[in-house]
Amino acid sequence: MAGDDPQAEKTKPVVVILIGAPGSGKTTFCNDVMSAAVRPWVRVCQDVIANGKAGTKLQCLKTAAEALKDGKSVFIDRCNLEQEQRADFVKLGGTQAEIHAVVLDLPARVCISRSVKRTGHEGNLQGGKAAAVVNRMLQKKELPKLSEGFTRITFCQNEKDVKQAVDTYIALGLSDSLPSGIFGQKSDDSKVQLGIMKFLKKIEVPKNVAPNENSSQSSAAKHEKEGDDPCSMELGKECNKQDELRGKSVADICSQDDFHTLAFPSISTSDFQFNHEKASDIITEVVANFLIKVDNIRLVLVDLSHKSNILSLVRAKAAKKHIDNKRFLIHVGDITRLHTEGGLHCNVIANAANWRLKAGGGGVNAAIFKAAGEALEIATKQRAETLSPGNSVVVPVPSTSPLHQREGVTHVIHVLGPNMNPQRPNCLNDDYVQGCNILRNAYSSLFKNFASISHSQNNQKERDRNDRNSRAGYSDIQHDLGKSTTLENHQKAKREISHDCEKNKKSKGLDSEDELMELDCAGPAKSLDSSTFSAKHDSKRNILPISTSRPEEIIHRDQMISKVVKRSWGSWAQALHQIAVHPEKHKDVILEMSDEFVVLNDLYPKARKHVLVLSRANGLDSLADVQREHLPLLKAMHSAGLKLAEKFCTDDASLIFRLGYHSVPSMRQLHLHVISQDFNSLHLKNKKHWNSFNTAFFRDSADVIEEIERIGKATLNDDEKLLSMELRCHRCKSAHPNIPKLKSHIANCKTSFPSSLLQHGRPVFACMKPTIGA
């Protein structure tokens, strides 16, 4: 570096380009340094560069350049195994920054083992498919050289080397620099270790990974795509492209990830004689619209015959619509033996049912009831006795059923479509206007119910994981709060929403989530009023009528959803409502009471101070119900929240508060959160807890009041993806891998709040008293 100004050299930021296979520990390296370093660092990861989602290399370069301009050092968290992949990042150097490389050259066995066993990876590279990908990437590895433009290269061949490198960068102060050169290299040109394919055959695949994934691993190295081999963010896409090139079967695709999969037959096109052209149009239309709105879900259309006309039509139309053929698949086979005969792992299957929900007849209905045994008949009878056309009903498959034990099917969704066969009940006599509406509603109801099951199972997995991690802490909390039974149930439900059919079922018929999904897709107004099942509401009725509503009678979808939500709160979600209606019965938990609202502590607070201001107004279940006429109430609740925050700030001047609402609350009855911004609480345990208060999902009270004054309603940011976004500090927006590291960071972060939050005095400080509604 001769000829340069030494002082300028010392104050340059550093770009550290991490080089290593998936599983080598690149992200952990970044997090370990960033959690303890004095120097400000920014991690650039292509897996999450686009607001928590996968992005592009160009976005990474732009973010890195902006960070350097701000005087911050940068970690480039990509695989960067080939010179071409890292060349653009090396160009960030020059007079602007020093360019370092840290090569995590750990044994392939270690990288593969970590990749296979990990869960929740940002780039979704985990499970059995990871082994072949790691091996393929290592075969193309090009070790970095100083001639590429690096000023320093550090090689790490084991955990001890990694620890030393982490400590080196932690100790790098604001005015410090590191010596140039190559450090730690054992040989000039390390080769991929021999015998790795033997290891692939022996590798232990986690229980939740399909056995036939190993077959894809053994062939992965033989079929390489020419050109760039992307970083870990792009590995999933690369695998899918390889799958297409190798002509993989549906079973191969379905077994290579943890997507929830629904297998379904074509509805009404067999015994009900619905026109195949029209049916195929509706299938592709509803599938395309549904897949745009959901992630981690796959649909498989199944038919017994290779010569099936409906399969051919749907396949051609799906290709025209460019529907992702890895998320919507066509399969020929027996829907009751998808796993044992076809290798597919479909946790939910749909049944083309009859209106009586009885076994017998022919086709898919008879086959599914026969395969599932008497257990499914009993379970179906407990859920509903009849079904109206255009609707569906979810039935959990008992664990004693052969369909559950042999095929791994957890739920059957009975769905009833329109009938054009004069020999069957409710024939529409070729009225395809009504018939198409009913068929469209049937598929929509089916897919919505499937999404509900998927959501419920994901929540259950998260709850199980949280319970294992904090069982001891829960027992202590329950002991301390033993007297607050009603409120405890309310807060526990708030933390652990479950729409699981078996757990929430209180009586014959649908549980709240199933009813919501069924009614949400009911279509015309008359369907909305009459389509709840007789098993729940009228055991004397034999069949529910087909809606004959005219188009002008159709209720807008948003209005339908709002109407349904009001009538589908489960008993577990009623606790806050009961407190609001009968506060005199809950004096032990109420801090303040007026004719308009009550105030109480959140029983599972997510911060040092966390209070709820609970509306007592009848019919205000959530923010979605609020209109201009409720502005006085909202302002009164906001004013009460401010007074509480100011009181807390008087007692402790270090506290800062936000006041706001969740876009979609889990509990019935409108309530305002008054929460301190330290988030120092044992009850803040997972990503959903954090993101529910630190993304657009949380609506500041000041903004809600302003919007309702201006347009008469509040914007609801109810996208589920907001709750699964990357963990980021609410002050400096730095990313963190888990809640403990995030909490450690925010305890010491002194960065001011983002300017967007400081407008209108949204955070409440001890020294300020913001006002509302001038």
Side-chain angles (χ1 to χ4, degrees), residues 210 212 215-216 239-257 259-272 274-352 363-365 367-368 371 392 407-409 412-413 415 417 439-440 442-444 446-447 450-451 454:
N212 66 340
S215 62
S216 65
C239 288
N240 288 333
K241 291 176 183 176
Q242 296 289 337
D243 289 346
E244 289 179 7
L245 290 174
R246 293 195 292 270
K248 282 198 170 289
S249 68
V250 172
D252 291 326
I253 298 173
C254 283
S255 63
Q256 288 194 351
D257 51 46
F259 276 32
H260 293 280
T261 303
L262 166 70
F264 67 98
S266 174
I267 307 300
S268 293
T269 53
S270 180
D271 191 38
F272 283 0
F274 199 92
N275 179 276
H276 285 199
E277 279 287 349
K278 296 181 187 297
S280 58
D281 285 338
I282 290 171
I283 291 172
T284 51
E285 171 199 328
V286 179
V287 165
N289 291 337
F290 177 66
L291 292 180
I292 290 172
K293 301 174 184 177
V294 295
D295 293 319
N296 299 325
I297 275 179
R298 180 180 287 113
L299 305 174
V300 182
L301 178 62
V302 181
D303 197 290
L304 272 172
S305 173
H306 283 279
K307 298 179 180 179
S308 166
N309 181 48
I310 192 71
L311 290 193
S312 299
L313 289 170
V314 170
R315 184 183 288 110
K317 292 177 181 181
K320 276 189 176 181
K321 284 180 174 286
H322 304 291
I323 298 176
D324 186 347
N325 62 6
K326 289 170 285 298
R327 297 187 63 206
F328 178 49
L329 306 141
I330 307 293
H331 179 73
V332 177
D334 184 345
I335 198 169
T336 68
R337 304 190 69 86
L338 294 173
H339 175 49
T340 53
E341 293 183 357
L344 276 72
H345 298 265
C346 302
N347 55 309
V348 182
I349 62 174
N351 175 36
V364 172
N365 183 65
I368 288 179
S392 64
E407 303 296 325
V409 175
V412 167
I413 303 178
V415 58
L439 187 60
R440 190 174 289 107
Y443 279 114
S444 297
L446 168 64
F447 297 157
F450 172 54
S454 174

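Note that this is a predicted model, so its numbers are computed, not measured. Below, each value reflects all heavy atoms present in this structure, side chains not excepted, and no hydrogens, waters or symmetry copies.
- Taking CD1 from Ile292 and CZ from Arg327, the interatomic distance works out to 9.5 Å, rounded to the nearest 0.5 Å.
- Between Ser392 and Ile413 the shortest heavy-atom distance is CB-CG2, 3.7 Å.
- To the nearest 0.5 Å, atoms CD (Glu277) and CD1 (Ile282) are separated by 11.5 Å.
- Listed for the Arg298 side chain is no donor-acceptor partner under 3.5 Å among the backbone atoms of Leu262.
- Cys346 approaches Val409 most closely through the heavy-atom pair O-CG2, 3.7 Å.
- Expressed to the nearest 0.5 Å, how far CG of Leu313 lies from CD1 of Ile283 amounts to 9.0 Å.
- Taking CG from Leu338 and CG from Asn347, the interatomic distance works out to 11.5 Å, rounded to the nearest 0.5 Å.
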Start with the C-alpha distance between Val364 and Asn351, add both sets of side-chain angles, then the distance that settles side chain to side chain contact (heavy atoms under 4.5 Å, CB included), and finish with yes or no. CA-CA 6 Å; Val364 172; Asn351 175 36; 3.7 Å; yes
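- Checking side-chain atoms of Ser454 against main-chain N and O of Phe450 turns up no donor-acceptor pair under 3.5 Å.
- When every heavy atom of Ser305 is checked against every heavy atom of Val332, the shortest pair comes out as C-CG1, 3.7 Å.
- Residues in residues 337-351 take part in these salt bridge (Lys or Arg N to Asp or Glu O under 4.0 Å) pairs, two or more places apart or across chains: Arg337-Glu341.
- Panel note: side chain Ser308, backbone Leu311; a donor-acceptor pair is recorded below 3.5 Å.
- The salt bridge (Lys or Arg N to Asp or Glu O under 4.0 Å) check on Arg315 picks up nothing, with sequence neighbours excluded.
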Stepwise side chain to side chain contact (heavy atoms under 4.5 Å, CB included) check, Ser266 with Tyr443: CA-CA 10 Å; Ser266 174; Tyr443 279 114; 4.0 Å; yes
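- Checked by atom type, the side-chain pair Glu407/Thr340 shows a donor-acceptor distance below 3.5 Å.
- In this view, Phe328 satisfies the ring-ring contact (aromatic ring centres under 6.0 Å, His included) rule with no residue, not counting sequence neighbours.
- Here Thr336 contributes atom OG1 and Ile349 contributes atom CD1; the two are 7.0 Å apart, rounded to the nearest 0.5 Å.
- Considering only heavy atoms from C-beta on, Ile297 comes within 4.5 Å of Phe290 through its side chain.
- By the 4.5 Å heavy-atom criterion applied to side chains, His260 and Val348 are not counted as neighbours.
- In this view, Phe274 and Tyr432 satisfy the ring-ring contact (aromatic ring centres under 6.0 Å, His included) rule, not counting sequence neighbours.
- Residues Val286 and Ser444 come closest through the heavy atom pair CG1-OG, 3.8 Å.
- Checked against Leu329 for a side-chain contact (heavy atoms from CB on, under 4.5 Å), the options Thr261, Val300, Asp324 give a single hit: Val300.
- Between Phe264 and Leu301 the shortest side-chain heavy-atom distance falls below 4.5 Å.
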Stepwise side chain to side chain contact (heavy atoms under 4.5 Å, CB included) check, Val287 with Phe447: CA-CA 8 Å; Val287 165; Phe447 297 157; 3.7 Å; yes
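- With rounding to the nearest 0.5 angstrom, the OG1 atom of Thr269 is 10.0 Å from the CG atom of Asn275.
- Legend: salt bridge (Lys or Arg N to Asp or Glu O under 4.0 Å) pairs involving residues 280-290, not counting sequence neighbours, sorted by first then second residue: Asp281-Lys317, Glu285-Arg440.
- Taking every heavy atom of both residues into account, Pro265 and Ala350 meet most closely at CD-O, 3.3 Å.
- Residues forming a salt bridge (Lys or Arg N to Asp or Glu O under 4.0 Å) with Asp303 (at least two apart in sequence, or on another chain): none.
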Intermediate values then yes/no, side chain to side chain contact (heavy atoms under 4.5 Å, CB included), Ser280 and Ile310: CA-CA 6 Å; Ser280 58; Ile310 192 71; 4.1 Å; yes
